[in-house]
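Remarks on the structure that follows.
Chain letters run A, B, ... following the sequence lines, proteins first and then strands; every chain starts at 1.
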Number of protein chains: 2
Amino acid sequence: MSQAETAELTASDEVEAIDLGNIGRSLGFLLRLSQVEVFGMFYRALSRHEMKPGEFSILYVIHLNPGVRQGALAERLMVKRAQMTKLIRVLEGRGLVARTIPPDNRRIVHLHLTEDGRRFVSENERAFLGYVNQETDRLTPSEADQLTRLLRKFIGLEGTP
Amino acid sequence: MSQAETAELTASDEVEAIDLGNIGRSLGFLLRLSQVEVFGMFYRALSRHEMKPGEFSILYVIHLNPGVRQGALAERLMVKRAQMTKLIRVLEGRGLVARTIPPDNRRIVHLHLTEDGRRFVSENERAFLGYVNQETDRLTPSEADQLTRLLRKFIGLEGTP
DNA sequence: CATAAACTGTTTACAAGGAAACATTCTGCT
DNA sequence: AGCAGAATGTTTCCTTGTAAACAGTTTATG
């Protein structure tokens with residue numbers, strides 16, 4: 001018994017016998033459980049990289065948008081500016097991200113990847129974006145497509161297919 | 001400007017112009033954004049109740065399964081036992097949940113709702129389970145059904161339709 | 001029976017994220 | 001030019017959740 005401390009794999013029928021009622025159809029509840037599931041997949045597949053999902057997403061988006069303003073990145077990724085400050089500082093400390101303050105507007109911070117950062121993204125992009133569905137695939141590829149399509153619509157991200 | 005501090009409603013095209021690349025199709029990323037969205041809906045609709053989603057889900061499931069063992073509840077709801085201890089203590093302190101330790105096995109804790117707890121669930125069940133889709137519904141009812149169906153399948157919760 | 005191991009809940013220490021106040025810089029208005 | 005207010009990032013404090021060790025209880029095993 002190594003992983004599965006979260007589900008604790010007891011799976012004693014006692015647990016599955018618990019009636020969830022209509023909360024088992026509540027979107028919020030299902031989203032939370034799904035995220036726990038994906039989080040587990042991520043760590044089983046990628047913990048060796050010492051990089052968390054949120055950190056990689058930042059790296060990846062800076063890679064695609066060099067010079068992006070820190071606050072705009074936070075808003076796009078739906079993290080608070082305060083939290084983005086902390087995350088960027090960590091990535092900067094690891095030598096993956098560089099911050100530059102333009103002289104014509106010294107409030108804002110532009111973000112770039114360092115050479116190391118670019119290499120990390122290039123080498124690990126496929127692994128980090130595809131870790132789901134390498135596990136016990138309960139969804140067919142078609143269903144997975146459908147799921148992401150619906151989620152994108154739910155959060156209003158349809159524009160850029 | 002009152003809410004929408006999360007999205008910060010700047011919505012300056014600068015933000016939407018940021019290219020998300022393939023991370024915009026990553027299930028983990030979409031789940032996280034969806035959860036932020038649902039969380040926002042929840043607070044806009046139900047913050048006055050001074051009860052968080054996780055707390056209500058516990059109350060609701062105890063209501064459906066009186067006497068449920070605390071650890072089994074934690075496992076079913078996918079929260080850590082340590083965290084369940086804290087949550088139950090809060091609900092107990094608010095007079096909504098009662099803990100009983102059976103004499104024949106003094107390790108375990110059985111959970112029941114108090115009279116206040118039962119009343120709270122009965123009175124607010126509909127509001128707490130239906131707060132989504134009272135907002136800017138981006139999904140049709142059929143799409144919402146489809147979405148929950150896929151999420152249930154993804155987390156292996158199909159058995160009990 | 002006695003002791004080792006497992007189970008259950010709790011405590012403690014810590015990491016992650018959010019809210020609000022803050023410091024600095026820029027913009028707009030007069 | 002000068003000042004009020006907005007924008008931007010940062011800091012500080014607090015809440016929430018996790019991990020690991022712990023205490024009490026029960027089960028299994030010799």
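Annotation: of the two residues near DNA chain C, Q83(A) and D104(A), the 5′-most nearest-nucleotide partner is Q83(A).
Considering only side-chain atoms of K86(B), the nucleotide from dT11(D), dT12(C), dT10(C) that sits closest is dT12(C). The listed nucleotides are dT18(D), dC13(D), dT25(C); the one nearest the side chain of R107(A) is dT25(C). The side chain of I108(B) lies closest to dT8(C) when the candidates are dC26(C), dT26(D), dT8(C). Side-chain proximity of V109(A) to dT11(D), dA19(D), dG9(D): nearest is dG9(D). Distances were taken from every side-chain heavy atom of R69(B) (C-beta onward) to each of dT8(C), dG9(D), dA19(C); the shortest belongs to dT8(C). With dC7(C), dT10(C), dT10(D) as the choices, the nucleotide that has an atom nearest any side-chain atom of R99(B) turns out to be dT10(C). You'll find that the side chain of T85(B) is closest to dG9(C), out of dC26(C), dT26(D), dG9(C).
Residues satisfying the salt bridge (Lys or Arg N to Asp or Glu O under 4.0 Å) test with D19(A), not counting sequence neighbours, are none.
One atom, CG of N105(B), and another, P of dG24(D), lie 16 Å apart when rounded to the nearest Å. Distance CD (E55(A)) to C1' (dA15(C)): 12 Å, rounded to an integer number of Å. The CD-P distance, from E75(B) to dT18(D), rounds to 14 Å in whole Å. The separation between R89(A) atom CZ and dG9(D) atom C1' is 9 Å, rounded to whole Å. A straight line from CZ of F39(B) to C1' of dT15(D) spans 11 Å, rounded to a whole angstrom. Between R106(B) atom CZ and dA23(D) atom C1' there is a gap of 13 Å when expressed in whole angstrom units. Between the P atom of dT12(D) and the NZ atom of K80(A) lies a distance of 20 Å, rounded to the nearest Å. Here dA16(C) presents its P atom at 13 Å from CE of M51(A), a figure rounded to the nearest Å.
Across all strands, Q70(B) comes closer than 4.0 Å only to sugar-phosphate atoms, never to a base (heavy-atom distances).
A salt bridge does not link R118(B) with E123(B): none of the charged nitrogens is closer than 4.0 Å to a carboxylate oxygen. The existence of a salt bridge linking R69(B) and E75(B) is excluded, since no basic side-chain nitrogen approaches an acidic carboxylate oxygen closer than 4.0 Å. The existence of a salt bridge linking R32(A) and E37(A) is excluded, since no basic side-chain nitrogen approaches an acidic carboxylate oxygen closer than 4.0 Å.
For F56(A) and H49(A), the ring centers sit 6.0 Å or farther from each other.
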